[in-house]
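Below is one structure; the comments refer to it alone.
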Amino acid sequence: VYVTNILIDMYCKCGSLEDAHSVFDGSQERTVVTWSALLAGHAQLGQPSKALKIFEKMHSKGLNMDNAVFLSTLQACARLKDIDYGKMVHSYIIEISCETDLYTVSTLVDMYAKCGHLESAQSMFDKLCKRDIVLWNALVGGYVEQDDYQGVFALFLRMQEEGVEPDEVTYACLLKGQFTPASLDRGKLIHTVISFKGSENTSAVGSSLIDMYIKCGAVDDAYGVFEKLSCRDSVLWSTMIAGFSSGGHAQDAVKLSQKMRSEGLQMSPATFSCLLKACSSIAAFKEGKLVHADVMRSGCDSDVHIASALIDMFAKCGSLEDARRLFERLSCRDVVVWNAIIAGHAEHGDFVSAMEYYTHMRREGAMPD
RNA sequence: UUUCGAGUAGAUGUCACUC
């Protein structure tokens, strides 16, 4: 059973729910953990409704639920913003009496906050006598997501008063809010606090800051943050590249990727994706072909995300042959890939081919959206 | 203290929408 459980968990963590399911279906013996692993996979991989279905099945089978099961179920409720379901799980937790577990309470607070019930989240929070940083962060994030900046401010002050040190997650939470050029002052204020606390130099905070400045239209400030960072992970590079191209500086995005190459850094699939978008936005054909070569070398050319970005890039550069050649070689085509090839041909006035691709798509049984 | 599973936070594909 252990092996089965580990396998299911592994497949879920690799993002393949299908494989996880087939292991699950083929298993002779199942424990709560077997179910729990499958449930967690669905809750975390964007299949919250299916996660709740699994929870219901577990319930009807009369399995003994434990904390792990509740946490994943509550995550699913939070994603769906299904407060009624969340409350139901909550009362179930009270019945089983494991409401004292800090992990469980944090997840409950997070669930209430994400569903917009900040008062419930706050009162649960207040009733506790022991709080860890995750719990604080969950509530901070909740206020931020509801755009309740007074609440954010009050809570942050209370953290200081109680001597709780914010960590990088706290700052990332503060920065995940809505930002527009009108909110640059708020962004800068948060940045000042972070610098004052000396927490500027971590990648999660750095990329959140960059993203914030880009959303505020302050490309130079964003790049300033990037330059100051001594340790850059791939998310940081992607953030900056994406930031340049969305801020109308696609040329700089390309330049940055050259710097990345010259430093001998491996590009991740996400980096490729950002970079290809930059290339297509300015129809940078030569650079696009270079990226294509990099993609081939890294072996992630079968990734549908990358493939569709490549097809789109070639199409936007006006090289439909290259787009077609890539398309033909793909073994797995999702809607986005089909859309990209169809739109590419339509964009260039080749409506006949566009229609042909459309009928081709229907023949293969893919659903248009 | 979660080594069979479980809590908060960062970037990423096509098209359409407001202007």
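Note on naming: letters A, B, ... go to the chains in the order of the sequence lines (proteins, then strands), and numbering restarts at 1 for each one. What you are looking at is a predicted structure, and each value in this text was computed from that prediction instead of being measured.
Between R261(A) and E287(A) there is a salt bridge, since a side-chain N of the basic residue sits under 4.0 Å from a carboxylate O of the acidic one. Between D167(A) and K197(A), none of the side-chain N atoms (NZ, or NE/NH1/NH2) sits under 4.0 Å from a carboxylate O, so this pair counts as no salt bridge. Comment: D185(A) does not engage K188(A) in a salt bridge, judged by the lack of any side-chain N to carboxylate O separation of less than 4.0 angstrom. Checked for salt-bridge contact, E162(A) and R158(A) meet the test: a charged N lies under 4.0 Å from a carboxylate O.
Aromatic rings of Y112(A) and H90(A) (six-membered ring for Trp) have centroids within the 6.0 Å cut-off, being under it. Taking the six-membered ring for Trp and the full ring otherwise, F351(A) and H345(A) have centroids separated by 6.0 Å or more. Taking the six-membered ring where the residue is Trp, the centroids of F125(A) and W136(A) are separated by under 6.0 Å. Between W237(A) and F226(A), the ring center distance clears the sub-6.0 Å criterion. Between F179(A) and Y213(A), the ring center distance fails the sub-6.0 Å criterion.
To the nearest whole angstrom, the two C1' atoms, one in U14(B) and one in C19(B), are 23 Å apart. Only the P atoms considered, C4(B) is 29 Å distant from G10(B), to the nearest whole Å. If you take atom P in U2(B) and the same atom in G7(B), they sit 13 Å apart, rounded to whole Å. Spacing of P atoms, U8(B) relative to G13(B), comes out at 23 Å, to the nearest Å. Rounded to a whole angstrom, the distance from the C1' atom of U1(B) to that of A6(B) is 14 Å.
Residue K176(A) places none of its side-chain N or O atoms closer than 4.0 Å to OP1 or OP2 of A11(B).
Using cut-offs of 30° and 60° on the angle between ring planes, the pair Y92(A) and F70(A) is perpendicular.
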- Query: Reading RNA chain B 5' to 3', what string of ( ), [ ], | and . shows its pairs, if Watson-Crick and G-U wobble pairs count only when both distances fall under 3.5 Å?
  - Reply: ...................

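Between the P atom of A9(B) and the CG atom of L236(A) lies a distance of 18 Å, rounded to the nearest Å. U12(B) atom P lies 12 Å from atom CD1 of I210(A), rounded to whole Å. Distance L108(A) CG to U8(B) P: 12 Å, rounded to the nearest Å. As rounded to whole Å, 15 Å separates atom C1' of G10(B) from atom NE2 of H191(A). Put simply, CD1 on I194(A) is 14 Å from P on G10(B), counting in whole angstrom units.
Pairs of residues two or more places apart, or lying in two chains, that qualify as ring pair (Phe, Tyr, Trp, His ring centres under 6.0 Å) and include a residue from residues 240-278 of chain A are Y223(A)-F244(A).
Between the side chain of S203(A) and the base of G10(B) there is at least one donor-acceptor pair of N/O atoms closer than 3.5 Å.
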- Item | Protein-to-nucleotide contact annotation, 5' to 3' order, nucleotides 1-7 of chain B [B base; S sugar-phosphate only; - none; under 4.0 Å, heavy atom] | -B-BBBB

- Could you run down nucleotides 13-19 of chain B 5' to 3' and tag each one B, S or - for protein heavy-atom contact under 4.0 Å? BBS----

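Screening E356(A), R363(A), E364(A) for a side chain to side chain donor-acceptor pair (under 3.5 Å) with H360(A), the sole residue that qualifies is E364(A).
A side-chain donor-acceptor contact under 3.5 Å links S268(A) to the backbone of T271(A).
Proximity of residues 142-172 of chain A to RNA chain B (heavy atom under 4.0 angstrom from any strand atom) is restricted to V169(A), A172(A).
Considering only the side chain of T239(A), A11(B) comes nearest among U8(B), G10(B), A11(B).
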Donor-acceptor contacts under 3.5 Å from residues 303-319 of chain A side chains, at least two apart:
residue	atom	partner	partner atom	Å
D303(A)	OD1	H305(A)	N	2.7
S308(A)	OG	V304(A)	O	2.9
S308(A)	OG	H305(A)	O	3.0
D312(A)	OD1	K316(A)	NZ	2.8
D312(A)	OD2	K316(A)	NZ	3.2
S319(A)	OG	D322(A)	OD2	2.5

